[in-house]
There are 2 protein chains.
Amino acid sequence: MALRPASPEGDTRQQILQRAITLFAGAGYAGVSVRDVAAQVGISAAALYHHFPDKQALYLAAMEHAFARNESGILAALESERSPLERLSGFVTGFVALAAGDQEFSKLVQRELLDGDEARLELLAEHVFRHPHAAIVALARELAPDLDSYILADSVIGLVLFSFQTAPLRRYLAGRAGPPERPEDIARHVMTLLTRVFARQDAP
Amino acid sequence: MALRPASPEGDTRQQILQRAITLFAGAGYAGVSVRDVAAQVGISAAALYHHFPDKQALYLAAMEHAFARNESGILAALESERSPLERLSGFVTGFVALAAGDQEFSKLVQRELLDGDEARLELLAEHVFRHPHAAIVALARELAPDLDSYILADSVIGLVLFSFQTAPLRRYLAGRAGPPERPEDIARHVMTLLTRVFARQDAP
DNA sequence: GTCTATAGCCTGATAGAC
DNA sequence: GTCTATCAGGCTATAGAC
């Protein structure tokens with residue numbers, strides 16, 4: 001499974017999935033036609049139907065592909081043996097880099113949150129969020145035992161993702177002159193906030 | 001403009017807008033046909049074209065209507081003369097209530113963030129976010145002069161909205177047995193976090 | 001202001017040749 | 001595995017009667 005270097009048939013299939021991810025991320029399921037995807041690959045719609053039985057199956061396979069290619073990345077930072085706050089910082093940095101580097105992924109997640117049926121939401125939870133979410137819940141329990149760890153974990157993820165979701169709007173809200181924030185800026189800001197949240201209040 | 005009680009023509013137009021908001025929020029621009037909207041109102045598609053020149057104009061009018069009906073609500077809490085932290089709490093409570101009470105509105109905002117062109121994003125910024133955003137920026141500057149007020153304001157809004165965006169996914173993430181959180185729970189949690197962020201660290 | 005009818009195009013999907 | 005050709009149906013939008 002690891003060696004064979006892109007068998008000829010699998011190559012077209014991979015290319016279809018890649019183009020489909022880009023198009024679906026940009027315009028959503030209803031906004032993309034099978035012909036659109038085929039045209040991007042450079043084949044006819046009929047040829048695409050040789051690789052996937054129907055549009056729904058193509059969409060689902062594209063989701064699985066997009067989610068799987070990001071599955072491992074998020075976890076690395078959480079697995080280390082450093083202090084809780086350092087592990088949290090590692091996760092935030094890695095998650096910001098992921099969201100910034102693969103914006104198609106971020107958009108697909110957003111679209112699934114809006115339109116995903118039960119099966120696709122479970123796929124998203126399983127492949128993308130289940131493991132890191134559990135790790136952050138544990139982390140939150142260590143860092144702030146007095147708060148609800150589950151809601152806290154959601155907030156950590158939310159602080160990162162929301163920065164990217166609202167990026168298109170930020171241009172129209174006053175006060176921001178220069179270019180959009182760099183990923184490092186976002187990660188640093190989120191950690192500034194979280195450090196304050198998790199700081200033990202030793203004083204009154 | 002205030003007295004005339006629903007002139008006969010305006011009534012159909014209002015009904016079209018109302019149904020369009022519901023449908024567009026549920027399935028997006030590409031996922032809803034003009035026939036769908038007309039059928040919901042109980043008229044033919046041709047009749048709908050008497051009220052709006054084309055589908056794009058119908059969509060834009062629906063957005064304006066959905067945004068306008070929420071314009072005033074968010075602001076009330078921010079205008080009072082209480083302490084900064086009380087005003088923040090008032091905003092969070094009001095904003096959570098808005099997002100929970102009008103989920104069509106929340107969905108439309110999400111969809112616009114994904115698919116909105118420049119004109120519609122500016123509409124969204126102007127009618128929905130500009131004024132409260134500016135107020136929260138000012139609030140953030142009062143509460144934490146050492147942090148970036150703009151990013152901080154985004155985070156406040158993000159903490160609230162993200163709780164609702166991820167609600168469909170939460171069902172598939174471990175640890176949550178009971179029913180989804182009530183709006184009051186979300187508001188209280190967000191304020192718990194923000195109170196910690198804004199607490200002046202008097203001790204080392 | 002609403003209807004029926006229809007033009008012209010795009011859609012998902014299939015048949016059959018190569 | 002890919003093509004051309006095609007089908008049946010849905011789409012936006014318009015024409016014209018009432």
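In what follows, every chain begins at residue 1, and chains take the letters A, B, ... in the order their sequences are listed.
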Per-pair distances, 0.1 Å, donor-acceptor, side chain in residues 58-68 of chain A, under 3.5 Å, sequence neighbours excluded:
{"unit_1": "Tyr59(A)", "atom_1": "OH", "unit_2": "Glu112(A)", "atom_2": "OE2", "d": "2.5"}
{"unit_1": "His65(A)", "atom_1": "NE2", "unit_2": "Gln14(A)", "atom_2": "OE1", "d": "3.2"}

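Residue Ile43(A) contributes atom CD1, which lies 9 Å from atom C1' of dG1(D) at whole-angstrom precision. Computed from coordinates, the Leu58(A) CG to dG12(C) P distance equals 10 Å when rounded to whole Å. At whole-Å resolution of the value, CG in Leu48(A) and P in dT2(D) are 9 Å apart. Nucleotide dG12(C) holds its P atom 14 Å from the OH atom of Tyr59(A), rounded to whole Å. The CG atom of Asp36(A) sits 11 Å away from the P atom of dC10(C) (whole-angstrom rounding).
Between His50(A) and dT2(D), a side-chain N or O to OP1/OP2 separation shorter than 4.0 Å is absent. An OP1 or OP2 oxygen of dG1(C) is reached within less than 4.0 angstrom by no side-chain nitrogen or oxygen of Thr12(B). Considering only side-chain N and O atoms, Ser44(A) lies nowhere under 4.0 angstrom from the phosphate OP1 or OP2 of dT2(D). For Ser33(A) and dC10(C), the shortest distance from a side-chain N or O to OP1 or OP2 is not below 4.0 Å.
Using modelled atom types, one finds no donor on one side chain facing an acceptor on the other under 3.5 Å when comparing Ser89(B) with Glu86(B).
Remark: Asp36(A) engages no residue in a salt bridge (charged side-chain N to carboxylate O under 4.0 Å, His left out) (not counting sequence neighbours). Applying the ring-ring contact (aromatic ring centres under 6.0 Å, His included) rule to Phe91(A) yields the partners Phe95(A); only residues at least two apart in sequence or on another chain are considered.
Within the structure, ring-ring contact (aromatic ring centres under 6.0 Å, His included) pairs that include any residue of residues 119-160 of chain B do not occur (at least two apart or interchain). Applying the salt bridge (Lys or Arg N to Asp or Glu O under 4.0 Å) definition to pairs two or more places apart or across chains, those involving residues 122-139 of chain B are Glu126(B)-Arg130(B).
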Would you tabulate the nitrogen or oxygen pairs shorter than 3.5 Å linking the protein to nucleotides 13-18 of chain D?
{"unit_1": "dA13(D)", "atom_1": "OP2", "unit_2": "Tyr49(B)", "atom_2": "OH", "d": "2.9"}
{"unit_1": "dA13(D)", "atom_1": "OP2", "unit_2": "Lys55(B)", "atom_2": "N", "d": "2.9"}

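Across all strands, Val41(B) comes closer than 4.0 Å to no nucleic acid atom at all (heavy-atom distances).
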